[in-house]
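Have a look at the structure below, then the notes.
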Amino acid sequence: MTTILVTGGTGTLGRLVAERLRADGHEVRVLSRHAQPYAVDLREGGPALDTAVAGVDTVVHCASTQTGGDEKAAGHLIAAARRAGVGHLVYISIVGVDRVPFGYYQAKLAVERQIEASGLGWTVLRTTQFHDLLVRIFQGLAKPPVMLLPAGVSDQPIEVAEVAGRLAGLALGAPAGRVDDMGGPEVRTLDSLARAWLDATGRRRGVANVPLFGRAYRAFREGGHLTPERAVGKGTFEEYLAARVDGGAGRRA
């Protein structure tokens with residue numbers, strides 16, 4: 001039996017990774033800011049982090065935030081893992097972090113580089129965006145009567161449970177470096193994905209595609225965040241919506 005620490009273990013991905021590893025019979029420690037007994041803010045580090053990492057064979061690093069601090073958090077985690085003699089650090093990243101000059105992507109790339117230079121055994125998996133991220137984006141964009149979408153942008157959403165399964169498998173293997181990217185089954189325009197979400201939720205909104213400006217937008221339009229050659233995911237966006245979106249009281253006008 002392996003002892004594995006999952007950072008961000010109460011989040012969308014980390015929770016599923018922890019469940020998968022426990023189901024396979026491994027001892028799993030869940031680290032997050034509020035999850036006892038390993039309640040740790042990685043951006044602060046400290047003795048509680050050393051306690052969480054002590055005796056751990058593998059760390060699966062799923063914790064991340066778009067409000068900043070990922071690099072500092074990774075630095076604390078790497079230092080604690082070195083002190084504890086952790087043999088394997090697995091990190092989840094995003095397809096295109098080296099091609100799209102978007103702030104959050106740049107932070108993820110910086111963390112990749114920290115891990116590569118850490119002296120620890122490491123594995124990095126990049127995936128495309130999860131289905132639930134698109135839903136959160138569309139929920140925000142649907143507040144006005146017309147949804148304004150960035151023109152010419154596509155996405156390749158993937159089912160988070162599939163990513164969790166892949167991460168769990170990597171955690172149980174030997175350090176593998178940068179492994180093959182993992183993309184969803186379809187490259188779709190944001191327009192088509194938004195309309196699928198509107199149909200599934202019963203919302204009535206106009207949809208307008210608006211050209212934007214800047215290097216990041218250009219990189220997204222060029223597909224820097226996509227990996228059509230690695231479309232290995234199975235679950236489609238429509239299947240996700242059918243399974244997760246309420247068909248009755250949850251539908252809105």
Side-chain angles (χ1 to χ4, degrees), residues 8-20 62 64-67 92-96 100 102 104-105 125-168 181-212 216-217 219-253:
T10 59
T12 300
L13 174 63
R15 175 179 54 82
L16 295 179
V17 173
E19 289 174 0
R20 184 69 169 263
C62 298
S64 186
T65 174
Q66 296 196 30
T67 59
I92 181 68
S93 190
I94 305 171
V95 170
V100 179
F102 180 60
Y104 181 56
Y105 281 32
L125 170 67
R126 293 179 182 176
T127 75
T128 51
Q129 304 293 343
F130 302 153
H131 291 134
D132 71 289
L133 175 63
L134 281 179
V135 168
R136 293 199 302 271
I137 291 172
F138 293 154
Q139 286 172 337
L141 294 176
K143 291 178 180 179
V146 177
M147 290 181 69
L148 302 180
L149 302 175
V153 176
S154 295
D155 206 6
Q156 190 180 355
I158 191 167
E159 172 55 49
V160 65
E162 296 179 27
V163 176
R166 176 70 171 134
L167 271 184
D181 292 348
M182 188 174 183
E186 301 173 315
V187 174
R188 302 268 299 277
T189 65
L190 279 184
D191 185 282
S192 73
L193 292 163
R195 293 180 189 278
W197 177 78
L198 288 170
D199 287 345
T201 58
R203 287 170 168 84
R204 294 186 292 273
R205 297 289 187 276
V207 177
N209 293 279
V210 181
L212 302 177
Y217 172 60
F220 279 122
R221 283 197 61 170
E222 293 171 352
H225 60 304
L226 307 176
T227 180
E229 69 283 2
R230 292 294 303 164
V232 296
K234 304 299 183 184
T236 67
F237 190 54
E238 279 80 3
E239 288 169 340
Y240 169 86
L241 292 173
R244 309 291 173 87
V245 176
D246 287 341
R251 296 173 71 90
R252 298 182 183 178

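This one's a predicted model, so the numbers in the text were calculated from it and none came from an experiment.
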State the CD1-OG1 distance between Ile158 and Thr128, to the nearest 0.5 angstrom. 4.5 Å
What distance do Leu13 atom CG and Thr127 atom OG1 have between them, rounded to the nearest 0.5 Å? 8.0 Å
Backbone of Pro144 reached by a side-chain donor or acceptor of Arg205 within 3.5 Å: yes
I need the minimum non-hydrogen distance between Cys62 and Val17, along with the two atoms involved. SG-CG2, 4.5 Å
Quick one: closest heavy-atom pair of Ala161 and Arg20, and the distance? O-NH1, 4.5 Å
Run the salt-bridge test on Arg136 and Asp132 with the 4.0 Å N-O cut-off and return the result as yes or no. yes
Interatomic distance, CG@Asn209 vs CG@Leu149, rounded to 0.5 Å, equals 5.5 Å
So, does Gln129 use its side chain to make a donor-acceptor pair with the main chain of Asp155 at under 3.5 Å? no
Carefully, step by step, assess Phe237 and Val135 under the rule side chain to side chain contact (heavy atoms under 4.5 Å, CB included). CA-CA 10 Å; Phe237 190 54; Val135 168; 4.2 Å; yes
Leu198 versus Met147: any side-chain heavy-atom pair under 4.5 Å? yes
Which pair of heavy atoms, one from Val232 and one from Met182, lies closest together, and at what distance? CG2-CG, 3.6 Å
Does Arg221 form a side chain to side chain contact (heavy atoms under 4.5 Å, CB included) with Val153? I'd like the steps, not just the answer. CA-CA 5 Å; Arg221 283 197 61 170; Val153 176; 4.0 Å; yes
Apply the test side chain to side chain contact (heavy atoms under 4.5 Å, CB included) to residues Ser64 and Tyr104: give CA-CA distance (whole Å), side-chain angles for both, the deciding distance (0.1 Å), then the verdict. CA-CA 10 Å; Ser64 186; Tyr104 181 56; 2.5 Å; yes
Closest non-hydrogen atoms of Glu186 and Arg188, given as atom of the first, atom of the second and distance, are OE1-NH1, 3.1 Å
Quick one: does Ser154's side chain have a donor or acceptor within less than 3.5 Å of a partner on Val187's backbone? no
Any donor and acceptor pair, going by atom type alone, linking the side chain of His131 with main-chain N or O of Glu238 inside 3.5 Å? no
Salt bridge or not for Arg166 and Glu162, using N-O below 4.0 Å? no
Heavy atoms, side chains only, cut-off 4.5 Å: are Trp197 and Leu134 in contact? no
Taking all non-hydrogen atoms of both residues, which atom of Gly233 and which atom of Pro185 are closest, and how far apart? O-CB, 3.1 Å
Contact summary for Gln156 and Gly184, nearest pair of heavy atoms: NE2-O, 2.9 Å
Short question: side chain of Glu222, backbone of Gly224 - any donor-acceptor pair under 3.5 Å? no
Heavy-atom side-chain proximity of Thr201 to Phe138 below 4.5 angstrom: no
As an exercise, state the distance from CZ of Arg195 to CG of Leu193, rounded to the nearest 0.5 Å. 11.5 Å
Do the ring planes of Tyr105 and Phe220 sit parallel (below 30°), tilted (30 to 60°) or perpendicular (above 60°)? perpendicular
In this structure, NE2 of His225 is separated from CZ of Arg126 (nearest 0.5 Å) by 14.5 Å
Tell me whether Thr227 contacts the main-chain N or O of Asp181 through its side chain, where contact means a donor paired with an acceptor under 3.5 Å. no
